[in-house]
Each structure stands twice: as C-alpha cells, then as structure tokens.
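Each remark here refers to the structure printed beneath this line.
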Amino acid sequence: MTRKDILFTRYEIENRVHALAKDLAVDYRGKTLTLIAVLNGGVMIAADLLRSLWDIGFDDVLFDSIKVSSYGQAFESSGEPVILKDIRLDITGQHVVIVEDIVDTGLTLQAMRQYMLAKNPASFEILSLLAKPESIRRVPVVVKYLGFEIDNVWVEGYGIDSAEKGRGNPNIMQVIQPEN
Ligand code: PRP
C-alpha cells in the first residue's frame, strides 16, 4: 500500500517561510516588492509569505498570480509558455519575485523567467519552498530564495497535489510506493 510520511512538518515550514520573509525584507528594504504566485501550487506559500512580511513590518508589497499549462503542454512550438491566467500588474520597472511551491525540472520557471524579463522588471528573482537540485541541473534555474532542497522523491501537501488532491495538508508528505 502507498505510504505517506511527513518530510517537513507545518512548524518547520512555518519557520523556514518566516526566515525567507526576513531575507526578502532585508534585500528589498526601501523598495516595493512584487510577489507573483505560480498557480495552483504556489498559493499556500505566497499567502504565508505575505502574512510573514506583514508581521515583520514590511508592507510595501504588491501581489499577483499567474498560471501556466502543466509541462508537456507548457510551451508553444515557438518556445513561449502557454499562459492560462496572466498577471494584471504592470511589472515594468518593478522588483519581481516569483513564488513557487516546487522546482522539479525547472522548465516552468525557465519559461516564466523569459516571459517576465521581456516585460523589463527592475529585478527578477525566484523563491521556492522546495527544489530538486538533481533534476534542475539539466535546466539552469537559480532559486535565490529556497526553503528546502529535496531528493528526487514524490511529495504532496502545502499546495502540492497528487492527482489534484492533498494540497490542503499543512505538512509536506513524502509519498512512498510499495516495491513490486
Ligand atoms: C508544478 C509546480 C511547479 C511546476 C514545477 O505545477 O507547482 O509550478 O510543476 O515543475 P517543473 O520545475 O518540472 O516545471 P503543476 O504544473 O503541476 O501545476 P499545479 O501547481 O497546478 O499543481
């Protein structure tokens, strides 16, 4: 039977997200920070980051979201990402941080980076709760603000789904399948 073990508890996640918010507050002091959540998975960490930033007194924050097609169908033949829901803010001249739940192959963020840079933001960085360094080595994506590095394992919870379920779990679970 498939087993689910806790990989990171809600308290470990809470502490790490708060630490990331502190890093952002230092790095963007005196500036307006634009956070852009990548839907759907990025909603949980984006919501927690926004509250953490507020709690530590950094409220010069704009928020928007974007949704791209899952990889496989994520790119036009031209290499452009397929945008299912675009941002509404004008990010030209803004300091943008993209907020993700997980970087797996890095393809989503690679496409997102090109798409966002074409809009001429003042700066562009990536924040992700999780990243699989083994897989993103194939695609060079720099995650400046990273919660946790993980091995190439199957995870769910805290925004991350398994067949669209399990996103609401406040912990990150490792899904372990039985060996045949
Ligand atoms: C997941 C995740 C990232 C992307 C990472 O989204 O939230 O956006 O995959 O994978 P990559 O680094 O290999 O591109 P998904 O497309 O499953 O959509 P969801 O957030 O709605 O679950």
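One is the number of the first residue; the rest follow in order along the sequence. Note that ligands are numbered from 1 as they come in the structure, with each ligand's atoms numbered from 1 the same way.
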- prompt: Looking only at heavy atoms, which two atoms of Asn169 and Met173 are closest? And how far apart?
  reply: ND2-CG, 3.4 Å
query: Any side-chain heavy atom of Leu129 sitting closer than 4.5 Å to one from Leu146?
result: no
- prompt: Below 4.5 Å, heavy atoms only, C-beta onward: do Val17 and Tyr158 meet side chain to side chain?
  reply: yes
task: Could you tell me which atoms of ligand 1, counted from 1 in the order shown, lie closer than 4.0 angstrom to a heavy atom of Glu100?
output: 2 (C), 3 (C), 7 (O), 8 (O)
message: As an exercise, identify every atom of ligand 1 less than 4.0 angstrom from a heavy atom of Gly106.
response: 11 (P), 12 (O), 13 (O)
Nearest neighbour of atom 5 (C) of ligand 1 from the list Ile102, Asp161, Val103, Asn40, on a heavy-atom basis: Ile102
- request: Would you check the N or O atoms of Val38, main chain and side chain alike, for any that come under 3.5 Å of an N or O of ligand 1?
  value: no
message: Within the 4.0 Å heavy-atom shell around Leu107, which atoms of ligand 1 are there?
response: 12 (O), 14 (O)
query: What pairs meet the ring-ring contact (aromatic ring centres under 6.0 Å, His included) rule with one or both residues in residues 5-32, with sequence neighbours excluded?
result: Phe8-Phe148
query: Considering only heavy atoms, does Asp101 approach ligand 1 within less than 4.0 Å through its side chain, its backbone, both, or neither?
result: side chain
- prompt: Are any of the heavy atoms in Gln110 under 4.0 Å away from ligand 1?
  reply: no
Heavy atoms of other groups near Arg113 CZ, more than 12 under 6.0 Å: no
Return all side-chain donor-acceptor pairs below 3.5 angstrom for residues 54-64, not counting sequence neighbours, or 'none' if the list is empty.
unit_1: Asp60; atom_1: OD1; unit_2: Thr32; atom_2: OG1; d: 3.0
unit_1: Asp60; atom_1: OD2; unit_2: Thr32; atom_2: OG1; d: 3.2
unit_1: Asp64; atom_1: OD1; unit_2: Lys85; atom_2: NZ; d: 3.4
unit_1: Asp64; atom_1: OD2; unit_2: Arg88; atom_2: N; d: 2.5
unit_1: Asp64; atom_1: OD2; unit_2: Leu89; atom_2: N; d: 2.8

Glu156 versus Ser162, side-chain donor and acceptor atoms under 3.5 Å: yes
- prompt: Looking only at heavy atoms of Lys67, does any of them come nearer than 4.0 Å to an atom of ligand 1?
  reply: yes
task: Using a strict 4.0 Å cut-off to heavy atoms of Thr105, name the atoms of ligand 1 that fall inside it.
output: 11 (P), 12 (O), 13 (O), 14 (O)
